[in-house]
> 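Following this message is one structure expressed as structure tokens.
Atoms within a ligand are numbered from 1 in the order they appear, just like the ligands themselves. Throughout, residue positions are numbered sequentially from 1 according to the sequence presented.
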Amino acid sequence: MDLTSYAELAVQLVNMGDELKNPFSLRALLEETGRTEAAARLTRRDIDALCELRDELAEVFTSAAEGDDADVVERLNGLLVRHPVHPQISGHDGQPWHLHLTEGGRVADALAVGSVMGLASVVTRLGVDRLGVCQAAPCRNAYLDTSSNRSRRYCSERCASRANVAAYRARKRGA
Ligand SMILES: [Zn+2]
Ligand SMILES: [Zn+2]
């Protein structure tokens, strides 16, 4: 199981914002990330549950960006209790036996377990400072910093260049 791809799912859910309420957008995201079975089974109830999860995941990123490690850990531990993992050994599509975090059940539960385990894995393997919030205001998108020197500040290239232009203009005004 690839927990980093699950951590990316947490980022994607947070950054969807209110688009998450649109079943077409969420279905498209699930299909793009290879979760076709989840996309096909998605219901209105799943979407409501995922909207609540998104708010809680956003709080985790905000606390991480503020350097409040204890709060990040407390929030993730709370989420781990509410979304317990039910691992299953699976061997589909000619692949060797491997672990799936969860089988069956509601789509929202499976996605919640995955996102929370993904973030817990990043925090314990790489550190809380690998979770961040984009610093190109007014953007508040979440990101995962997987750079070797922990230098990431923005959610995207677009936000990075927007911030650079703003900094350049500010310097020019100051000169
Ligand atoms: Zn599999
Ligand atoms: Zn951004």
Side-chain angles (χ1 to χ4, degrees), residues 1-22 25-42 46 54-68 72 83-122 126 128-147 149-170:
M1 79 188 123
D2 179 4
L3 285 172
T4 310
S5 81
Y6 279 110
E8 288 291 353
L9 175 68
V11 169
Q12 288 156 343
L13 289 175
V14 168
N15 293 351
M16 272 185 89
D18 281 340
E19 248 332 269
L20 191 55
K21 291 188 185 128
N22 180 345
S25 304
L26 182 54
R27 217 164 266 142
L29 169 72
L30 293 175
E31 278 164 7
E32 278 162 28
T33 54
R35 298 175 171 93
T36 45
E37 196 249 354
R41 291 198 297 126
L42 194 68
D46 289 315
R54 175 205 54 201
D55 293 345
E56 293 187 80
L57 295 176
E59 297 281 354
V60 170
F61 281 93
T62 301
S63 292
E66 287 165 357
D68 193 345
V72 169
H83 302 286
V85 185
H86 301 287
Q88 291 284 293
I89 302 168
S90 186
H92 54 91
D93 301 320
Q95 293 179 39
W97 297 118
H98 59 279
L99 276 175
H100 277 190
L101 285 182
T102 195
E103 293 283 353
R106 284 173 54 200
V107 171
D109 290 331
L111 296 178
V113 166
S115 322
V116 173
M117 277 296 286
L119 293 183
S121 162
V122 167
L126 304 171
V128 171
D129 59 353
R130 297 301 185 136
L131 311 184
V133 174
C134 184
Q135 286 172 29
C139 181
R140 295 284 299 158
N141 275 354
Y143 64 79
L144 281 185
D145 184 359
T146 49
S147 65
N149 56 354
R150 304 183 184 218
S151 58
R152 189 160 175 180
R153 297 288 173 269
Y154 308 106
C155 71
S156 60
E157 281 301 322
R158 215 173 64 135
C159 275
S161 60
R162 198 158 52 78
N164 282 337
V165 169
Y168 173 75
R169 289 202 182 122

> Centre-to-centre under 6.0 Å for His86 and His100, is that the case here?
no
> Under the side chain to side chain contact (heavy atoms under 4.5 Å, CB included) test against Leu101, which residue among His83, Met117, Gln88 passes?
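Considering His83, Met117, Gln88, a side chain to side chain contact (heavy atoms under 4.5 Å, CB included) with Leu101 is found only for Met117.
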> Nearest 10° is fine: what angle sits at the Zn ion (ligand 1) between NE2 from His92 and NE2 from His98?
110°
> Report yes or no: is the cationic atom of Arg162 (NZ for Lys, CZ for Arg) closer than 6.0 Å to the six-membered ring centre of Tyr168, at no more than 45° off its axis?
no
> Restricting to N, O or S, what is the name of the atom of His100 that lies nearest the Zn ion (ligand 1)?
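Of all N, O or S atoms belonging to His100, NE2 is the one nearest the Zn ion (ligand 1).
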> Just to the nearest 10 degrees, tell me the angle at the Zn ion (ligand 2) spanned by Cys155 SG and Cys134 SG.
120°
> About how large, to 10 degrees, is the angle SG of Cys159, then the Zn ion (ligand 2), then SG of Cys139?
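About 110° at the Zn ion (ligand 2).
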> Can you confirm whether the side chains of Arg35 and Thr33 place a donor and an acceptor under 3.5 Å from each other?
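The answer is yes; a qualifying pair exists.
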